[in-house]
Amino acid sequence: MIKKMRWERPLDLNQLETKTVIDEKSEAFKPVDTLSNILRLVHTDPEQASTPDASHPSSSQDWINLIERVRAAAHHTREVEAQAQEQEQRVQELLERVRDDIKLASEKVRAAEARAANIQAHAEMRIRAADERAEAAEERARIAEDWLKQVHEAITSEFASLPGLKTRAA
C-alpha cells in the first residue's frame with residue numbers, strides 16, 4: 001500500500017527568505033551563498049546554472065519563482081500519487097471481484113459435480129434394478145417354457161393312445 005506524504009513548508013524557509021543582506025554598493029538584496037547555489041541549479045538556463053554569476057544577485061522574484069516551482073512540483077506529485085492510489089484501489093476492487101467470481105464458479109462446479117455424481121448413482125441403481133428384472137423375467141420365461149414342454153409331453157403321452165387323435169394330428 002502506498003503511503004501518502006504531504007509536503008509542508010519547511011520552518012526555516014521563512015528564515016532563509018529573511019537572510020538577505022543589502023549590498024551597500026548596488027542597494028540590492030544579496031542572498032546567502034547556499035540559496036544562490038540552489039537558484040543556480042534550478043534556473044532554466046543551463047549556461048547560467050553552470051557558471052556562478054556574482055554580478056547577477058538573486059532577487060526576491062527568483063525566490064518566489066523557486067517556491068512556486070517547488071509548490072507546483074509538490075502539487076503534481078500529490079496528483080500523481082492520488083491517481084496511483086485510485087488506480088491501485090480500482091485494481092484491488094477488480095481483484096476482489098475476480099476472487100469472488102472464482103469462488104462462486106468453484107462453488108457452482110462443486111454443486112454440478114455433486115449433482116452429476118448423484119445422477120450417476122441413481123442411473124447405476126436403475127440399471128442394476130433393470131438388469132435384475134430382466135434376469136428374473138428370463139428365469140420366469142425359462143420356467144414357463146419348461147412347464148409348457150411338460151404339459152405338451154403330458155398331453156401327447158396321455159392322448160396318444162386315443163384312436164381318433166392320430167388321424168387328426170396327421
Side-chain angles (χ1 to χ4, degrees), residues 1-140:
M1 180 160 244
I2 298 174
K3 185 177 178 185
K4 187 172 183 180
M5 305 291 288
R6 297 202 180 264
W7 182 82
E8 295 179 11
R9 186 179 180 126
L11 296 176
D12 51 336
L13 186 59
N14 290 333
Q15 294 170 354
L16 290 175
E17 289 176 358
T18 60
K19 285 187 178 182
T20 56
V21 180
I22 297 177
D23 188 3
E24 294 176 6
K25 294 178 183 176
S26 64
E27 294 185 9
F29 289 103
K30 185 176 183 181
V32 179
D33 283 340
T34 57
L35 297 177
S36 298
N37 290 337
I38 292 172
L39 283 176
R40 271 189 236 115
L41 290 174
V42 176
H43 204 285
T44 56
D45 189 9
E47 291 177 11
Q48 287 181 350
S50 63
T51 60
D53 187 10
S55 66
H56 180 65
S58 299
S59 67
S60 61
Q61 186 61 40
D62 290 340
W63 288 109
I64 291 171
N65 290 341
L66 173 65
I67 290 169
E68 287 304 314
R69 286 183 185 174
V70 169
R71 285 183 180 155
H75 178 71
H76 180 69
T77 302
R78 283 191 300 271
E79 286 179 350
V80 168
E81 184 177 325
Q83 290 172 356
Q85 285 180 350
E86 289 173 8
Q87 178 109 15
E88 183 177 348
Q89 182 66 32
R90 286 192 300 266
V91 167
Q92 291 298 330
E93 290 170 359
L94 180 63
L95 285 174
E96 189 62 33
R97 283 195 308 246
V98 167
R99 285 184 195 117
D100 290 344
D101 290 348
I102 289 173
K103 185 177 178 182
L104 183 63
S106 295
E107 290 173 3
K108 286 181 179 180
V109 166
R110 273 182 276 191
E113 287 174 345
R115 281 194 306 273
N118 191 17
I119 290 170
Q120 185 176 359
H122 284 287
E124 288 174 359
M125 282 189 337
R126 289 179 179 171
I127 288 172
R128 274 190 244 116
D131 285 344
E132 290 172 1
R133 285 194 304 271
E135 288 175 8
E138 286 174 1
E139 181 64 24
R140 284 192 306 271

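Nothing here was measured: the structure is a model prediction, and the numbers come from that model.
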Problem - Residues R71, E68: salt bridge by 4.0 Å N-O rule - result: yes
Problem - E96 bridged to R99 by N-O distance under 4.0 Å - result: yes
To the nearest 0.5 Å, what is the distance between [atom1] on [X] and [atom2] on [Y]?
{"X": "R90", "Y": "E93", "atom1": "CZ", "atom2": "CD", "result": "9.0 Å"}
{"X": "N65", "Y": "Q61", "atom1": "CG", "atom2": "CD", "result": "4.5 Å"}
{"X": "Q92", "Y": "L95", "atom1": "CD", "atom2": "CG", "result": "5.5 Å"}

Problem - Side chains of R115 and N118 in contact at under 4.5 Å (non-hydrogen atoms) - result: no
Problem - CA sep, side-chain torsions, deciding dist, call: K108, L104, side-chain contact (heavy atoms from CB on, under 4.5 Å) - result: CA-CA 6 Å; K108 286 181 179 180; L104 183 63; 4.1 Å; yes
Practice task
Answer yes or no: are there more than 12 heavy-atom neighbours, outside R126 itself, under 6.0 Å from its atom CZ?
Solution key: no
